[in-house]
Number of protein chains: 6
Amino acid sequence: MVTDPPRADTGDAETLGSYGVATVHEALGRVGYLGPELRPVWPGARIGGTAVTVLSWPGDNLMIHVAVEQCRPGDVLVVATNSPSTDGLFGDLFAGALQQRGVRGVVLASGVRDVADLREMRFPAWSRAVSAQGTVKATAGAVNVPVVLGGQSVHPGDVVLADDDGVMVVARADVPRALTASRARIDKEAASRAAFARGELGLDYYGMRHRLPELGVEYLSYDQYLKESNGE
Amino acid sequence: MVTDPPRADTGDAETLGSYGVATVHEALGRVGYLGPELRPVWPGARIGGTAVTVLSWPGDNLMIHVAVEQCRPGDVLVVATNSPSTDGLFGDLFAGALQQRGVRGVVLASGVRDVADLREMRFPAWSRAVSAQGTVKATAGAVNVPVVLGGQSVHPGDVVLADDDGVMVVARADVPRALTASRARIDKEAASRAAFARGELGLDYYGMRHRLPELGVEYLSYDQYLKESNGE
Amino acid sequence: MVTDPPRADTGDAETLGSYGVATVHEALGRVGYLGPELRPVWPGARIGGTAVTVLSWPGDNLMIHVAVEQCRPGDVLVVATNSPSTDGLFGDLFAGALQQRGVRGVVLASGVRDVADLREMRFPAWSRAVSAQGTVKATAGAVNVPVVLGGQSVHPGDVVLADDDGVMVVARADVPRALTASRARIDKEAASRAAFARGELGLDYYGMRHRLPELGVEYLSYDQYLKESNGE
Amino acid sequence: MVTDPPRADTGDAETLGSYGVATVHEALGRVGYLGPELRPVWPGARIGGTAVTVLSWPGDNLMIHVAVEQCRPGDVLVVATNSPSTDGLFGDLFAGALQQRGVRGVVLASGVRDVADLREMRFPAWSRAVSAQGTVKATAGAVNVPVVLGGQSVHPGDVVLADDDGVMVVARADVPRALTASRARIDKEAASRAAFARGELGLDYYGMRHRLPELGVEYLSYDQYLKESNGE
Amino acid sequence: MVTDPPRADTGDAETLGSYGVATVHEALGRVGYLGPELRPVWPGARIGGTAVTVLSWPGDNLMIHVAVEQCRPGDVLVVATNSPSTDGLFGDLFAGALQQRGVRGVVLASGVRDVADLREMRFPAWSRAVSAQGTVKATAGAVNVPVVLGGQSVHPGDVVLADDDGVMVVARADVPRALTASRARIDKEAASRAAFARGELGLDYYGMRHRLPELGVEYLSYDQYLKESNGE
Amino acid sequence: MVTDPPRADTGDAETLGSYGVATVHEALGRVGYLGPELRPVWPGARIGGTAVTVLSWPGDNLMIHVAVEQCRPGDVLVVATNSPSTDGLFGDLFAGALQQRGVRGVVLASGVRDVADLREMRFPAWSRAVSAQGTVKATAGAVNVPVVLGGQSVHPGDVVLADDDGVMVVARADVPRALTASRARIDKEAASRAAFARGELGLDYYGMRHRLPELGVEYLSYDQYLKESNGE
């Protein structure tokens, strides 16, 4: 149980959250995404906050109780288990406790339950499973140590972003670069979007057409293709 | 094909359904949950009913036709296959036939199709997959024998509950205990919810804090933690 | 890169799309379904169009850029990867470019991102995953060659149908038969639906009851069953 | 913890084990197989014994320690977890303790470790995973109650068979029927084997050929097939 | 049931088989591999033969019986199911019948059983699962039509290769090119192997080193890296 | 590309390797295991070495070529991909180059091929898949940066252990503790093994028996259990 790790600025976290996971992930060079298995419990939520991390024993939510006390406004609770589990470690009672403390959402490598209640409370949650399977409170784990979820390391105080595309982590030290690069990417995407709406092709807009021959792409009419396929 | 197995009371089944899967599962000591793979076809349904069970050959829905005749108002149709399959054994025609007989919903270990129609008809369905893959009617199975879905035995006449958290079974003999224990749990949860809304911590409310040292949980400041990690 | 393959009639494709995947799949003798892993990105879309096919390297969307230029009104873009991948090859920029060209939707064996935007734009998409994981544009693949997705071969110009039940392919040569057989099936289903609404049983309506004994189905009362189970 | 459940005869269990899983499974009408996920830890073992059942919390092997004391010569230890887990609940120390008590092998729904030692000790084990992940001894479960593994109910005292084809359960009451039916099947298979070795076809030997037309199987030469495929 | 499709030369098939799957797959431009899910039932077999294809209903091996009659010396039996299944469609009786006819092996998208016998008979088999789950003979499928396994189309008469690396298909028309390209690749690999044994690096041997800067690879000492990571 | 990261002592690595994964994992408090998905390509290997880490694009082995040059005697090559992939990034040519440099083995999050050759060369390899699927050399990644495999962070220079139970990582700073704690655990296990061979029970040997009542474990005879189950 580590208390008071340094956190990224919660305002910066919120700003990155508003940019969206896909945008910030691309802006940072395509790193930090926690993979397609972490899905939103209800659609439409979009958050950014600072990580309070939990490492739990599978089927045991003791350490989430310990972690609640460490949460501050602007945080996101991030729960890993030390071996794979889909049990429902988190439900509406925890959500109420976290909402009361100003926590912006929860990300779990395992399962979540009371999902109809979470949807109604508008408490954002991402998880690998929905499961009513209940848990015990018997075995110790850790709070605010580095954890791994979805193939990424999350350190306490890092920024965690989540929306309908999934979840990503931005290391605390990378936040300034993420802000700058994301704004640049947003501008670039707006220009691309406008060009495509005018009917321009990505092939020309991104200057890829001339590279196709050297990549081995050759154009055949359908008739030529049929002849080649038949060995003529 | 077994006819007229004794059933739990359909009123009790409805009452347990209204309590929700997570609550009844916890109240009974965390048993009976059919696992996270059985998902609702559309969100928001919540049912409880008495099981009519079907064991089908994969890719074959003959026995569901046989089972429809055995269904009465208040029943839930529960379909297992004798080896894993995701084929769409169930669609809107069956749903219409079951609605006409007062059946409250269907739970399938395999797939379901016509899901847009089921959503529109408001016929509740839980399954492991959505699949348009059609089926034959060629091989016999069984109706109203004990079946296994999601790691649980379901006997004909047992109570089956399902909502957005998944599906659970309550053995017929356990229904009275489930009713009593669920009501107690609902009261307990309401009290916890109120305490957490006031800002109380689960750590104190559940009296866990004093057990932490004996479980090996020790508190470190972030600075102490860094020093320890670096071997100082 | 094969240009201008012959296409099925886009009007026929639209008509088949309106019949729905489950209906056309059954009408054609239960062939052509791309399996339960291809799920709609948002619920409620129902399309039919002519396939423009793409074979991409995993984690690389270069060939989608090449393919956009080949798309015409009434087409559906169909993207396979040459080894399994869940990366987000497709997002809102591509969707805008395809909408501008009259493309009816996209089907991907891999992942899709910007799903909140796709939902808002009402651009229909089916995929095996939602993933923000970005991609490079480095390695050549193919456009408008036969590809395999979900255990089915899709040829350029085939009809692709997709709705909440998943995705299916109708070979170009089978379109006339699919139209006729689907209309017949729709009539047959309407008659079944009406019969079931009157309380008729499928067992009688489909004439299955008399076949049950030869299939080995025998009826036992619950008491008889208990006796047999106990070896009496 | 239930003590001294009635067991099937361990000699009968051994005999059934020697017949093999595939044979006994077919002989009993294709029921009782625990599915393809339970694999042998080392190839070539073939056992039959009487089940001592354990229900463990995931990541916790306390109840296996409790169960060892209940094991007698001729038993097979069968371990389920109350939610899915791959953790290594069982290793060489347990294997030594069980060998000392005359136990014939172990079947686990979760993971096993020390597999090089188990192979060397020739202690037969089947499991869903190999995993070095260690476990705690903190939470109670049950011994000698009915458990579900691989979609089958196993009761204490049932016969459990396992070989390179996987694991199956024979209910205690079905043992006499299993013995008789398996011997009949072995004779039948020997006759089929001899016929096939002489070049006879299953199509004729099993009398299936005349049923093919009614099942809709029609024979086409390759030329006819090509013509039909091209719509001629 | 299509009879006597044209087949590739069985001698050529054997030759390609001896080159191995990885080599032929690379030689043909990395196409035709049936994916990592198809595994050998026993290690060490290496075959090449001409495909007799089967499409079976899941849990039903009727069409394999039909197909045996179509098999000739040098063939490989290739079995797909029209929806995913792991059932044990194939065992030692079929293996005996096929060995008697000179068939070189079997590849199944589903499961296989009697694997201890197959290993002893040295009959090569590749499958997605080992499963004792038995099957019925009730529903028609097809023989010698194109089938899809592991994301690849297999046509009757194509060459199928299989070894410990898995299974691949070479279209009949591609066999001459496969032979030539594979021999070239084998020579090339022998030269590379010799160079690496002398201590040469692939980086130099393949001329990749000078391309690294343009691909964005830059070399840092560990000290420089630490400084950069800390934002200095 | 980071050059010359500090490495743990390769002699210590070898010593830990000889203790085995399960033992060291337990000794360190059950941390560091890379999960059950990483399996040995051939059974019986047992290694310990210092990690050279690689982060590759899926389907691209360019960075492995870059990494070979960084490998020294006593190293283990550890390859992650930045999104999930089963492609065969590694084969016998790489194995030869690494053997020539004194590398002890390879661990890959993706696939490996030429497995018959690797077995014959006795080059140890662990991977998530065996796959002949070939790869390109087109996109940059990283060498000797921290990577995540199987839910664990591996830093360059850490000790990596692997045997038939899977793979684990020991952070460089933890090596002295791992050595001491593993030796203690080996002594403890030897004593347990001897006690169990004498017929002692873990229940008594570990002093668990008296804790059972407080954990809620109660002993019932089978008759008492039947009565309770029937609600008497």
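By convention in this document, chain letters (A, B, ...) are assigned in the order of the sequence lines, proteins followed by strands, and residues within each chain are numbered from 1.
- Using a 4.5 Å cut-off between heavy atoms, D4(B) touches chain C through its backbone atoms (N, CA, C, O) alone.
- Looking at V145(B), both its backbone and its side chain come within 4.5 Å of chain C, counting heavy atoms on both sides.
- Counting heavy-atom pairs closer than 4.5 Å to chain B, the top-ranked of the candidates E200(C), R209(C), E189(C), E37(C) is R209(C).
- Interface residue A97(B): backbone and side-chain heavy atoms are both found under 4.5 Å from chain C.
- Taking all atoms of both residues into account, the shortest heavy-atom contact from Y33(B) to M168(B) is CA-CB, 4.0 Å.
- Contact annotation for A138(B): only backbone heavy atoms (N, CA, C, O) come within less than 4.5 Å of a heavy atom of chain C.
- Classification of the Y206(C)-F196(C) ring pair by plane angle, with boundaries at 30° and 60°, yields perpendicular.
- In this structure, no portion of E120(B) lies under 4.5 Å from any heavy atom of chain C.
- Side-chain atoms of T135(B) and D60(B) form no donor-acceptor pair, as typed in the model, at a separation below 3.5 Å.
- Only the side chain of L212(C) comes within less than 4.5 Å of a heavy atom in chain B; its backbone stays farther off.
- Under the 3.5 Å distance criterion, with hydrogens and angles disregarded, a donor-acceptor pair is assigned to the side chains of R183(B) and Y19(B).
- Looking only at atom types and distance, the side chain of D87(B) has no donor-acceptor partner in the side chain of S131(B) under 3.5 Å away.
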